[in-house]
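Read the numbers this way: they start at 1 and go in the same order the structure lists the ligands and their atoms. Atom set for the values below is all heavy atoms of this structure, side chains included, hydrogens, waters and symmetry mates excluded.
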Amino acid sequence: MEHVQHWINGQLTAGAPTATAPIHNPATGEQTAELALASSADVDTVVASARKAATAWRSTSLAARTKVLFAFRQLLAAHSDEFSAIITSEHGKVLSDAAGEVVRGLESVEYACGVPDLLKGDFTEQASTGVDVYSIRQPVGVVAGITPFNFPLMVPLWMCASAIACGNAFILKPSEKDPSASLLLAQLWKDAGLPDGVFSVLQGDKVAVDGLLQHPDVDAISFVGSTPIAKHIYETGTKAGKRVQALGGAKNHMMVLPDADLDVAADAAISAAYGAAGERCMAISVVVAVGAIADPLLDAIKSRIPSLLVGPGDQDGTDMGPLITAQHREKVVDYINRGEQEGAKVVVDGRENTSDSGYFLGCTLLDDVRPDNVAYTDEIFGPVLSVVRVDTYDEALSLINAHPFANGTAIFTRDGGAARRFQFDVQVGMVGVNVPIPVPVGYYSFGGWKSSLFGDTHIYGPEGVNFYTRRKVVTSRWPDPGSSKIDLGFPTNGDH
Ligand code: NAD
């Protein structure tokens with residue numbers, strides 16, 4: 001049995017674990033490896049190594065850092081197939097989807113390759129006579145990144161590429177459900193020339209996370225995961241004096257206006273609801289059908305579902321793989337059961353498409369879902385699409401704006417005015433216009449509003465650079481010899 005270890009100070013290490021956890025292939029249900037769960041002694045070891053490395057790395061020139069980033073980008077691209085295979089075997093998503101994750105992760109690295117430009121400050125000459133003022137950005141120090149199971153490569157790359165480019169040391173605490181991609185990532189950073197200790201991997205669960213949250217030598221925490229944990233991380237981390245960004249869960253609505261292209265809307269709903277078995281924070285889980293389009297749209301979505309092939313992610317032709325664990329499948333089934341008991345109409349029943357080997361669950365389509373139904377209120381994170389029927393645009397908008405989650409949303413219409421009104425009115429962080437999964441490109445930033453984000457800073461792109469740096473403003477004077485004098489007054493610009 002393979003043992004998945006930590007990566008500390010540039011090498012694999014078993015650490016001093018007090019517990020282990022099994023890793024399963026979700027497509028077979030078989031245990032494939034065993035994971036060392038970090039003890040608090042391991043937390044101390046990794047943080048000490050990162051702290052030491054951070055001191056040297058922040059002094060490394062931008063030219064040298066950029067060289068590492070470009071080499072890392074090439075290595076990542078060259079190992080795309082290997083990453084996809086690892087992701088599919090531990091997460092379950094189909095290979096083409098895993099390859100897409102690699103591509104989107106690469107975007108964050110490509111953005112970070114421009115770090116010499118991104119770290120440029122402002123300069124004001126002669127702010128006062130003989131006085132110049134300028135700003136600089138400096139790394140925050142040691143950053144810990146705690147990541148979810150659903151993007152075991154892309155989300156770590158969202159964080160570590162910018163954090164490292166900005167001169168920080170980065171400690172990744174990956175999900176304990178699919179941790180192996182993190183170790184190939186670590187090897188590639190090393191092969192690209194990154195000094196030991198600048199990128200580390202600490203495998204583990206709550207013990208590892210709580211240790212990082214409390215450790216005085218961790219300066220900042222980036223978290224992506226479910227809302228209750230995001231809230232816990234934000235509250236605990238900020239109380240311990242750290243800078244924290246914590247991205248949480250989602251319930252993404254797709255509003256379909258009566259004038260929308262029916263086929264475009266139905267294809268988009270299917271792709272965004274059932275891709276990755278609904279285990280995406282940007283998955284569409286609610287279609288809000290406005291007016292007379294509801295019946296034909298429901299029929300169009302329903303008619304497409306039988307053509308979707310559910311099976312192992314590494315099998316040719318498979319559209320949708322299994323869920324991550326048996327427990328998660330039970331949770332999703334329980335939501336369907338409760339949603340039905342609370343009045344939703346089960347139009348397509350995924351519960352009929354399960355298997356004893358592997359954590360498979362078919363696509364479920366619910367109609368007539370009311371806003372107080374548990375299938376509407378909660379994040380299910382599975383292949384379940386709810387249809388809510390409303391009469392007007394205003395009703396649809398109020399529904400979306402009343403939901404506590406506000407990660408992504410989309411409008412489908414041929415009316416430019418309605419789309420523009422929607423992007424103006426909707427209280428959600430990422431908006432698609434005829435785009436069902438509006439994950440921003442790497443040179444924007446990603447993040448929701450309300451219960452989908454704790455903290456002020458979105459992740460990757462320009463906001464990532466803000467998060468991983470502290471700004472300093474320098475006011476400097478080089479006086480002419482003999483021109484200085486004592487002045488106890490408050491410095492003003494005046495006529496100096
Ligand atoms: P999760 O919250 O269970 O776990 C995320 C991380 O937190 C993991 O590394 C895990 O080990 C750790 N963790 C779990 N319980 C903890 C605890 N009690 N104390 C300390 N640490 C703990 O999330 P998940 O199930 O891995 O991922 C799915 C969730 O992530 C969904 O809610 C999804 O919407 C969300 N997500 C959000 C985004 C986003 O950008 N907003 C992106 C991807 C996933």
Side-chain angles (χ1 to χ4, degrees), residues 19 21 23 26 35 37-38 40 43 90-93 101 104-105 108 144-159 171-179 181-182 201-214 221-237 244-252 275-285 323-325 327-329 331-332 335 378-382 404-409 428-430 437-440 445-455 457-461 463-464:
I23 300 165
L35 177 73
L37 298 176
S40 44
V43 176
E90 290 187 354
H91 174 284
K93 63 178 75 172
E101 167 169 359
R104 292 310 303 260
S108 295
I146 300 153
T147 54
F149 79 83
N150 67 321
F151 286 106
L153 177 68
M154 182 183 78
V155 171
L157 286 171
W158 282 0
M159 302 172 180
I171 302 168
L172 172 63
K173 205 305 281 172
S175 168
E176 59 274 45
K177 295 179 183 127
D178 46 10
S182 67
V201 180
L202 186 72
Q203 309 289 1
D205 55 9
K206 187 171 165 49
V207 173
V209 174
D210 288 347
L212 292 167
L213 283 175
Q214 297 299 345
I221 306 262
S222 291
F223 173 88
V224 175
S226 61
T227 285
I229 310 298
K231 192 163 183 282
H232 163 70
I233 300 281
Y234 184 74
E235 288 171 354
T236 317
V244 183
Q245 57 178 180
L247 286 80
K251 193 80 184 176
N252 305 314
E279 291 174 327
R280 289 181 183 143
C281 66
M282 290 292 275
I284 290 293
S285 47
L323 291 170
I324 183 72
T325 58
Q327 295 85 330
H328 187 55
R329 179 173 64 180
K331 188 175 153 194
V332 175
Y335 269 121
D378 288 21
E379 179 182 46
I380 299 177
F381 221 57
F405 289 118
N407 212 37
T409 188
V428 174
M430 292 170 283
I437 305 186
V439 174
S445 297
F446 181 107
W449 290 9
K450 302 199 280 191
S451 296
S452 296
L453 175 77
F454 298 86
T457 320
H458 288 194
I459 207 160
Y460 72 73
E463 295 209 34

**Q** Return the residue, atom name and 0.1 Å-rounded distance of the protein heavy atom closest to atom 40 (O) of ligand 1.
**A**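 Result for atom 40 (O) of ligand 1: Phe446 CE2, 2.9 Å.
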
**Q** Below 4.0 angstrom, N of the basic side chain to O of the carboxylate: do Lys93 and Glu279 qualify?
**A**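 So Lys93 does not pair with Glu279 through a salt bridge.
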
**Q** Given the rule in the side chain to side chain contact (heavy atoms under 4.5 Å, CB included) test, do Lys450 and Phe405 qualify, once you have shown the distances and angles that lead to the verdict?
**A** CA-CA 6 Å; Lys450 302 199 280 191; Phe405 289 118; over 6 Å; no

**Q** Check for a donor-acceptor pair, side chain of Asn407 on one end and backbone N or O of Cys281 on the other, with a separation under 3.5 Å.
**A**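 Yes.
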
**Q** Ignoring hydrogens and angles, tell me if any N or O in the side chain of Thr227 forms a donor-acceptor pair with the backbone of Gly248 under 3.5 Å.
**A**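 Not a single qualifying donor-acceptor pair exists.
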
**Q** Based purely on interatomic distance, does Ile146 place a nitrogen or oxygen under 3.5 Å from a nitrogen or oxygen of ligand 1?
**A**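 The answer is no, given that Ile146 and ligand 1 share no N or O pair closer than 3.5 Å.
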
**Q** If we only consider heavy atoms of Gly448, is any one of them less than 4.0 Å away from an atom in ligand 1?
**A**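 No heavy atom of Gly448 comes that close to ligand 1.
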
**Q** Is the closest N or O pair between His232 and ligand 1 shorter than 3.5 Å?
**A**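 In this structure, His232 places no N or O atom under 3.5 Å from an N or O of ligand 1.
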
**Q** Where is the nearest protein heavy atom to atom 8 (C) of ligand 1: which residue, which atom, and how far?
**A**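 Closest protein heavy atom to atom 8 (C) of ligand 1: Thr147 O, 3.2 Å.
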
**Q** Report the nearest protein non-hydrogen atom to atom 15 (N) of ligand 1: residue, atom name, distance rounded to 0.1 Å.
**A**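 Heavy-atom neighbour on the protein nearest atom 15 (N) of ligand 1: Ile229 CD1, 3.6 Å.
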
**Q** Any luck finding a side-chain donor-acceptor pair between Thr457 and Glu463 under 3.5 Å?
**A**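 Note: Thr457 and Glu463 side chains miss the donor-acceptor criterion.
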
**Q** When rounded to the nearest 0.5 angstrom, what is the spacing between OG1 in Thr409 and CD1 in Ile284?
**A**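 The CD1 atom of Ile284 is 6.5 Å from OG1 of Thr409, to the nearest 0.5 Å.
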
**Q** Is the backbone N or O of Gly249 less than 3.5 Å from a side-chain atom of Ser452, with the two atoms forming a donor-acceptor pair by type?
**A**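 Side chain of Ser452 to backbone of Gly249, a donor-acceptor pair under 3.5 Å: yes, one is there.
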
**Q** Would you check whether Phe149 has a nitrogen or oxygen atom less than 3.5 angstrom from a nitrogen or oxygen atom of ligand 1?
**A**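 Between Phe149 and ligand 1 (N or O atoms, distance only) the closest approach is under 3.5 Å.
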
**Q** Using a heavy-atom cut-off of under 4.0 Å, does the side chain or the backbone of Ile233 touch ligand 1, or both, or neither?
**A**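 The answer is neither; Ile233 stays 4.0 Å or more away.
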
**Q** Pick one of side chain, backbone, both or neither for how Trp158 approaches ligand 1, counting any non-hydrogen atom pair under 4.0 Å.
**A**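 Side chain only; the backbone of Trp158 stays clear of ligand 1.
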
**Q** Which residue holds the protein heavy atom closest to atom 42 (C) of ligand 1, what is that atom called, and what is the gap in Å?
**A**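 Protein heavy atom at minimum distance: Cys281 SG, 3.0 Å.
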
**Q** What is the closest protein heavy atom to atom 28 (C) of ligand 1, and at what distance does it sit?
**A**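 Result: Phe381 CE2, 3.6 Å.
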
**Q** Using 30° and 60° as the class limits, which term best fits the ring planes of His328 and Phe381: parallel, tilted or perpendicular?
**A**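 The arrangement is perpendicular - the two ring planes meet at more than 60°.
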
**Q** Looking at ligand 1, does any of its N/O atoms fall within less than 3.5 Å of an N/O of Glu176?
**A**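 Between Glu176 and ligand 1, an N or O pair is found under 3.5 Å apart.
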
**Q** What is the nearest protein non-hydrogen atom to atom 19 (N) of ligand 1, stated with its residue, atom name and distance?
**A**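 Result for atom 19 (N) of ligand 1: Lys206 CG, 3.4 Å.
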
**Q** Would Val155 count as a contact residue for ligand 1, given that I'm defining contact as a non-hydrogen atom of the residue lying under 4.0 Å from a ligand atom?
**A**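 The answer is no: ligand 1 sits nowhere under 4.0 Å from a heavy atom of Val155.
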
**Q** Judging by distance only, is a nitrogen or oxygen of Glu379 under 3.5 angstrom from one on ligand 1?
**A**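 Glu379 vs ligand 1: N/O contact under 3.5 Å present.
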
**Q** Considering only the protein, which heavy-atom contact is closest to atom 41 (N) of ligand 1, and what is its distance?
**A**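 Its nearest protein heavy-atom neighbour is Gly248 O, 2.8 Å.
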
**Q** Is a salt bridge present between Lys173 and Glu176, judged by a nitrogen-to-oxygen distance below 4.0 Å?
**A**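 Salt bridge flag = yes for Glu176 with Lys173.
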
**Q** Below 4.0 Å from any atom of ligand 1, is there a heavy atom belonging to Phe405?
**A**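 Distance cut 4.0 Å: Phe405 fails for ligand 1.
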
**Q** Among all protein heavy atoms in this structure, tell me which lies nearest to atom 23 (O) of ligand 1, with the distance rounded to 0.1 Å.
**A**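 Result for atom 23 (O) of ligand 1: Ser226 N, 3.5 Å.
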
**Q** Tell me the contacting part of Thr227 for ligand 1: side chain, backbone, both, or neither, using a 4.0 Å heavy-atom threshold, strictly below.
**A**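 Within the 4.0 Å criterion, Thr227 makes no contact with ligand 1.
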
**Q** Specify whether the nearest protein heavy atom to atom 4 (O) of ligand 1 is under 4.0 angstrom away.
**A**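 No.
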
**Q** Check whether any N or O atom of Ser452, backbone or side chain, sits under 3.5 Å from an N or O atom of ligand 1, and answer yes or no.
**A**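 Not met; the criterion fails.
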
**Q** Could you check whether atom NZ of Lys231 has more than 12 heavy atoms from other residues, nucleotides or ligands sitting under 6.0 Å from it?
**A**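 At most 12 heavy atoms, drawn from other residues, nucleotides or ligands, come within 6.0 Å of this atom.
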
**Q** When you look at Phe149 and His91, which way does the side chain to side chain contact (heavy atoms under 4.5 Å, CB included) test go after all the steps?
**A** CA-CA 7 Å; Phe149 79 83; His91 174 284; 3.7 Å; yes

